[in-house]
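One structure is given below, encoded as structure tokens.
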2 protein chains.
Amino acid sequence: MTPDRPSGDHLVEVLAALANPIRLRILATLAHGRDYVSHLAREIGISRPLLHMHLQRLEAAGLVVGTLELSDDGKAMKYFEVADFDLHLTAESVAQAAATLTRPDPAPGPADKEKPR
Amino acid sequence: MTPDRPSGDHLVEVLAALANPIRLRILATLAHGRDYVSHLAREIGISRPLLHMHLQRLEAAGLVVGTLELSDDGKAMKYFEVADFDLHLTAESVAQAAATLTRPDPAPGPADKEKPR
DNA sequence: TTCACGTGTAAGAACTTTCTGACATGTGAA
DNA sequence: TTCACATGTCAGAAAGTTCTTACACGTGAA
């Protein structure tokens, strides 16, 4: 499997999604096998709404995939599993990704008005 | 060069440091060669105090290294350069790192008191 | 002495992320 | 009908991050 080469903006999203202890734990738990959210919440020890939010962030970044299924007894269950990803980060690869950033953040033009007094 | 295998806590720090467009641009710029902060600030187009903050975050994560030097004309110059790093992230490696997290975040015990009404 | 250039830091505004505690929906079984 | 269990969402508090403005210090040259 060859490493992904995400665009700058996507890279930021993926890194931000990974940069959180709870979300790391979610991924680690899902790595053992798929699970549905209520059960996963109990497993990890956080509230369901909170888990819901973290899963959204992970899914938006493409790190997990969720599918809504109907269990045998008719309950709607949302199962999540890890999407396998392969990120290789070095000074070089990061620099390349940075080149494709869509100038989102710094916005305003000249700064540092600081008068030397 | 073999990839690093950071502990969970350190991994979160590194990822958080990388998960920002400005900091990505800083790394990309420094990848071309070392630079001192005032010049780098002009280069990137952000204020010096802001850059100072971002550099601190990058240095704390071990992604850049700064050295204070005296220029020929006696000025104190702080030069930064990228530390070369090599992170290989997959579902597996992330899961392993997560296992070493020092239970920092979720803190409180049972949650989801939600009465089923 | 003043200017231009370098360094650092601190206070507060503005914004984003994280988290809790409701509330709403649905199903099947007792 | 009520309970247990599944889903989702929203409002607001709390905490963290980002950013500006302003101040401090230093040097060498005009």
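Both backbone and side-chain heavy atoms feed into the values below; hydrogens, waters and symmetry mates do not. In the text below, chain A, chain B and the rest are named by the order of the sequence lines, each starting its count at 1.
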Between [options], which nucleotide gets closest to the side-chain atoms of [X]?
X: P49(B); options: dT20(C), dG6(C), dT20(D); answer: dT20(D)
X: K75(A); options: dG8(C), dC19(C), dA6(D); answer: dA6(D)
X: I22(B); options: dC19(D), dA22(D), dG8(D); answer: dC19(D)
X: K78(A); options: dC19(D), dA22(C), dT7(D); answer: dT7(D)
X: H54(A); options: dG6(C), dC19(C), dG8(C); answer: dC19(C)
X: H52(B); options: dT7(C), dT9(C), dC5(C); answer: dT9(C)

With a 3.5 Å cut-off and just heavy-atom distances, do the side chain of R57(B) and the base of dT17(D) make a donor-acceptor pair? no
Could you tell me how far apart [X] ([atom1]) and [N] ([atom2]) are, to the nearest whole angstrom?
X: L50(B); N: dT20(D); atom1: CG; atom2: P; result: 6 Å
X: D73(B); N: dG26(D); atom1: CG; atom2: C1'; result: 12 Å
X: M53(B); N: dT21(D); atom1: CE; atom2: P; result: 17 Å
X: H39(B); N: dG6(C); atom1: NE2; atom2: P; result: 9 Å
X: L51(B); N: dG8(C); atom1: CG; atom2: C1'; result: 13 Å
X: E69(B); N: dT7(C); atom1: CD; atom2: C1'; result: 14 Å
X: L68(B); N: dT9(C); atom1: CG; atom2: P; result: 11 Å
X: L58(A); N: dT17(C); atom1: CG; atom2: P; result: 14 Å

If you compare every side-chain N and O of [X] against the phosphate oxygens of [N] (OP1, OP2), does one of them come in below 4.0 Å?
X: R42(A); N: dC5(D); value: no
X: N20(B); N: dT18(D); value: yes
X: Y36(B); N: dG6(C); value: yes
X: S47(A); N: dC19(C); value: no

Counting only N and O atoms by type, is there a donor-acceptor contact under 3.5 Å from the side chain of [X] to the main-chain atoms of [Y]?
X: T100(B); Y: G8(B); answer: yes
X: S93(B); Y: H88(B); answer: yes
X: E59(B); Y: G66(B); answer: yes

Student check: side-chain heavy atoms of R34(A) and L30(A) closer than 4.5 Å: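 Side chain of R34(A) against side chain of L30(A), heavy atoms only: no contact under 4.5 Å found.
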Quick check: on DNA chain C, is the nucleotide nearest S38(B) upstream (toward 5') of the one nearest A76(A), or the reverse? Name the residue that is more 5'. S38(B)
Between A16(A) and V37(B), which is nearer to the 5' end of DNA chain C once each is assigned its nearest nucleotide?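 That would be V37(B).
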Answer yes or no: does atom CD of E92(B) have more than 12 heavy-atom neighbours from other residues, nucleotides or ligands under 6.0 Å? no
V37(A): which of M77(A), H52(A), R42(A), R48(A) passes side chain to side chain contact (heavy atoms under 4.5 Å, CB included):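 Testing V37(A) for a side chain to side chain contact (heavy atoms under 4.5 Å, CB included) against M77(A), H52(A), R42(A), R48(A) leaves exactly one candidate, R48(A).
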Residue met sooner reading DNA chain D from 5', once R23(B) and G74(B) are mapped to nucleotides: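 Checking each residue's closest nucleotide, the 5'-ward one belongs to R23(B).
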